[in-house]
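Presented below is the structure to which this report refers.
Letters A, B, ... mirror the listed sequences (proteins, then strands); counts begin at 1.
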Amino acid sequence: MPLMTLSDAIAQHVRDGQSVALEGFTHLIPFAAGHEIIRQSRRRLHLIRMTPDLICDQMIGMGCAERLTFSWGGNPGVGSLHRLRDAIERDWPQPLTISERTHAEMGVAYQAGASGLPCGLMRHYADTGLDRVGGPRTLACPFSGDSLLAVAAINPDVTILHAQQADQQGNVLIRGIIGAAREAALAARCLLVTVEARVERLDAPLNAIVLPHWLISAVSIVPGGAHPSYAAGCYPRDNRFYGEWDAIARERERFQQWMQQYVLASRDHAELLRRLRVAA
Amino acid sequence: MPLMTLSDAIAQHVRDGQSVALEGFTHLIPFAAGHEIIRQSRRRLHLIRMTPDLICDQMIGMGCAERLTFSWGGNPGVGSLHRLRDAIERDWPQPLTISERTHAEMGVAYQAGASGLPCGLMRHYADTGLDRVGGPRTLACPFSGDSLLAVAAINPDVTILHAQQADQQGNVLIRGIIGAAREAALAARCLLVTVEARVERLDAPLNAIVLPHWLISAVSIVPGGAHPSYAAGCYPRDNRFYGEWDAIARERERFQQWMQQYVLASRDHAELLRRLRVAA
Amino acid sequence: MTVTAARQLADAAVCFVGIGLPSAACNLARRTHAPQLVLIYESGTVGARPQVLPLSIGDGELADTAACVVSLPEVFAHYLQRGRVDVGFLSAAQIDRHGNLNTTVIGSYARPAVRLPGSGGAPEIAAHAREVLVIMKQSPRSFVARLDFLTSCGYLGGAGERARAGFPGRGPRAVITDFGILRPHPETDELQLCAIYPGVAVDAVRAATGWPLRVAHDLQVLPSPQPADLDTLRALHAATAQAHAVAVRINLRTADAPASHPH
Amino acid sequence: MTVTAARQLADAAVCFVGIGLPSAACNLARRTHAPQLVLIYESGTVGARPQVLPLSIGDGELADTAACVVSLPEVFAHYLQRGRVDVGFLSAAQIDRHGNLNTTVIGSYARPAVRLPGSGGAPEIAAHAREVLVIMKQSPRSFVARLDFLTSCGYLGGAGERARAGFPGRGPRAVITDFGILRPHPETDELQLCAIYPGVAVDAVRAATGWPLRVAHDLQVLPSPQPADLDTLRALHAATAQAHAVAVRINLRTADAPASHPH
């Protein structure tokens with residue numbers, strides 16, 4: 001596990017055209033990494049995220065993505081993701097192909113990917129609209145005859161997570177709401193992690209969620225790297241920013257202006273947080 | 001979750017002829033509960049345990065079981081389970097039907113059971129002897145065409161676990177090596193738990209393994225309830241006893257004498273531990 | 001509407017909660033008549049007891065107050081699909097006369113007029129929860145004769161089609177709206193108006209419904225909400241607004257901090 | 001034998017370890033030439049660094065020294081089946097000329113002469129680990145012409161059958177015995193004697209093998225074990241014996257103890 005700056009990690013490991021999962025369920029969303037991908041102008045990415053959230057809204061609006069796999073694409077508690085809608089409804093800034101699943105299907109798909117299986121199983125009773133537009137197929141349980149839905153595994157080229165701590169060896173500790181982040185990490189061909197802090201020892205409880213260093217391609221220390229999402233034990237979710245994003249992202253011009261003024265004009269995440277007056 | 005004595009819990013919830021999983025992988029094996037089942041002379045049980053260990057050796061030797069589902073039936077680091085062997089090799093004290101799987105298959109079977117699925121999936125490349133004598137069947141992945149093994153779910157009538165702590169509501173905290181105990185618990189129709197201690201609050205770290213009280217049919221407080229297995233943070237594995245068991249269980253007479261003198265003659269687990277000079 | 005929805009919840013029920021109105025109703029119920037209600041959010045927080053309403057389904061408040069935090073694959077497989085959930089609480093952009101729900105698109109799927117957030121956890125909640133409560137504002141645009149997209153199954157085409165398909169959950173037991181409560185007819189599975197708030201005219205409800213709405217022969221008038229319930233709900237919203245308005249400050253020097261274990 | 005087995009392990013390899021001789025060899029390697037060896041036990045302890053040898057696969061020592069403790073379904077799915085394991089280290093009661101293993105029964109399955117413990121994790125380790133090391137004492141009863149039961153797949157019938165079946169792992173790379181090392185022939189996959197300890201006669205090895213044993217044309221003589229390695233191994237065994245002999249004492253009053261969090 002090499003320790004490197006986030007800009008080096010993205011430069012070395014994320015290539016145009018790759019599938020990139022940025023996971024973290026409301027909690028620990030890797031915003032700093034998403035911004036760095038925007039700064040480095042990656043193109044034609046296949047973004048994978050259960051809840052695209054503001055981070056995918058920004059990356060899609062900035063033209064990084066040509067495809068999105070997701071299960072719920074809103075601004076939680078606020079409303080629409082306007083850049084996501086603009087891409088789907090009006091092909092701006094470019095067409096976006098979507099692969100849409102349910103949360104449970106995404107969970108099964110990541111779990112299958114993490115388990116080295118080509119697919120996973122769920123109960124299935126009747127076709128929904130998603131079954132009709134999507135890829136899943138039914139098969140019969142060889143024991144009970146029950147109808148089951150087979151869900152194709154997801155194995156991202158790169159998975160990026162944010163976490164609280166890394167130790168000197170590069171083992172990473174994640175605390176709190178985890179979503180399918182661990183499965184997304186284990187399913188990936190390359191795993192990048194940003195952390196709030198590097199510590200001598202993790203001092204993790206016995207059954208803590210730790211990603212062993214030898215599974216990780218690069219660790220970068222980025223305090224505040226989940227903002228406006230949060231890192232349990234470090235800082236809370238910036239609910240106010242989530243509310244304000246609705247007005248920022250509603251119109252193309254204001255969105256572009258904001259991205260220029262804050263994300264592109266900042267060398268790194270620390271500078272962005274200072275511009276946002278979140279950090280001193 | 002009613003709090004009750006172990007003897008009441010077994011009397012109320014374990015019936016002759018049921019399938020009973022006693023899980024805990026080397027760690028937290030529910031010995032006290034197994035002994036109570038022996039004391040209450042349950043018969044025709046279908047025992048389910050990945051590693052039958054001494055507890056199933058004792059239950060089988062005392063005539064509680066007519067069937068065993070397992071994946072590794074030895075005395076860890078010591079050698080054979082002589083009572084298990086005697087039942088399979090010589091039908092003593094009665095014939096024992098075995099359903100044999102691999103550890104990985106048992107894990108998948110419990111996981112499927114815990115997930116409300118009739119079966120789970122594994123990779124499969126060539127038939128082993130177990131595939132030939134056992135029940136699993138192969139099917140083709142509908143996406144990749146890969147050959148996969150379908151493993152039938154396990155849903156025990158009763159699962160019994162031992163754990164470190166229960167709080168006032170009956171939520172249970174498990175710390176340390178977990179094996180497939182959580183999946184066995186969630187797969188069961190009825191869940192019984194013995195714990196080392198009852199506490200005001202669990203004070204569990206964020207991602208600790210906690211079984212919510214409303215999943216549990218009965219909690220019993222049994223200090224030392226895992227002995228000669230162990231409870232992390234409470235007492236170590238009694239490796240010496242595991243070594244001594246080999247000589248105790250080798251011959252039928254000595255085994256019966258030992259069970260009479262220690263397990264049957266003790267009213268409860270505390271008395272047994274005193275007779276074994278493990279507790280004062 | 002929130003108070004009426006809360007009243008539908010029995011104490012000690014295990015409830016899989018969506019964000020927004022469902023979450024408000026569940027937390028109101030937990031603070032009033034149902035203190036033992038077990039709330040499960042799809043973020044994996046089981047037994048959450050939030051002090052303020054979460055803005056997102058994964059707010060730290062939910063994790064900090066939960067009995068346990070499990071992964072998302074686990075919460076959907078081990079709790080929902082395993083049949084441990086009594087009540088699923090949903091909302092939607094469109095509902096049809098058989099309680100089927102759309103949260104995906106208005107217009108065509110390929111080129112929607114309005115792209116909605118999508119399914120999230122709703123299709124499996126609708127399938128597996130022993131019963132489903134739906135809470136949504138009633139209008140001809142939301143109570144439609146034909147869904148633009150079938151995201152989550154209610155009673156499908158009605159007349160027992162859901163039961164015949166083998167769904168483990170019974171489907172929507174009640175749809176709570178700003179006019180009253182609709183419930184499925186026991187034979188046809190068609191939603192009919194069963195209860196109205198005091199002062200609501202049946203014709204107004206019909207006008208707000210995109211299909212010819214049937215009215216139960218024993219139409220009830222709901223009691224006015226208890227002042228205590230309204231006070232509790234207002235206090236909850238006020239505490240929530242205050243908590244969410246707090247400015248976040250991040251200390252960039254945490255990188256150099258010692259290995260203290262955040263607990 | 002243990003020292004020779006340990007020497008087969010490259011530093012920083014990820015090793016899925018069975019109990020007994022494999023565990024001794026892996027821990028010896030970790031204490032000598034391979035300090036970065038990652039040990040995974042099927043009990044879910046990943047990156048364990050035990051100070052004494054565990055008697056069981058799930059000793060507390062393994063959990064206390066591990067980087068993380070995961071569930072058994074996870075360790076088999078996320079680590080082994082996912083292809084994260086470099087080396088699987090196995091032992092068996094019987095092995096045949098193509099490295100297939102039996103740990104299930106001697107005699108017939110339905111009515112065995114000797115019922116062995118069974119498969120445990122071995123079949124999947126043999127299938128998925130990038131390569132497999134086998135360590136066992138060599139005798140005509142253990143190195144047999146025909147297995148009584150096929151528990152774990154080596155090279156099946158040989159001559160590329162394993163590779164054609166699509167196994168992700170390459171199969172047994174070396175069988176370390178008390179005479180030397182057998183390795184598969186690159187074309188036939190048949191195990192042949194490739195190295196012997198100083199002073200071992202090839203005829204003695206042939207006599208200890210239940211099939212006509214082939215000998216590599218460049219048969220090597222293994223170096224004598226380094227005294228330092230032997231000292232480390234002896235010290236490890238001594239510490240282990242001492243640790244396992246300690247009498248366990250349980251305090252029955254822990255039930256009344258306060259809610260201190262065992263850490």
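Taking every heavy atom of both residues into account, P142(B) and R137(A) meet most closely at O-NH1, 2.8 Å. For the residue pair N207(B) and G176(A), the shortest heavy atom distance occurs at OD1-N, 2.7 Å.
With a 4.5 Å cut-off on side-chain heavy atoms, L148(B) and P118(A) count as touching. Side-chain contact between C119(A) and S144(B) is absent, with no heavy atoms from C-beta onward closer than 4.5 Å.
With sequence neighbours excluded, the residues forming a side chain to side chain donor-acceptor pair (under 3.5 Å) with E100(B) are Y109(D), R115(D), listed by chain and number. Under the rule for a ring pair (Phe, Tyr, Trp, His ring centres under 6.0 Å), Y235(A) has no partner lying at least two apart in sequence or in another chain.
In this structure, the separation between OG on S115(A) and CD on Q111(B) is 7.0 Å, given to the nearest 0.5 Å. Residue L121(A) holds its CG atom at 6.0 Å from CG of L117(B), rounded to the nearest 0.5 Å.
For L139(B), the part lying under 4.5 angstrom from a heavy atom of chain A is the side chain only. Only the backbone of I174(A) comes within contact range of chain B, with at least one heavy atom under 4.5 Å from a heavy atom of that chain. Contacts between D146(A) and chain B at a heavy-atom distance below 4.5 Å involve the side chain alone, from C-beta outward.
Put simply, of G120(A), A112(A), G116(A), the one with the most heavy-atom pairs under 4.5 Å next to chain B is G116(A).
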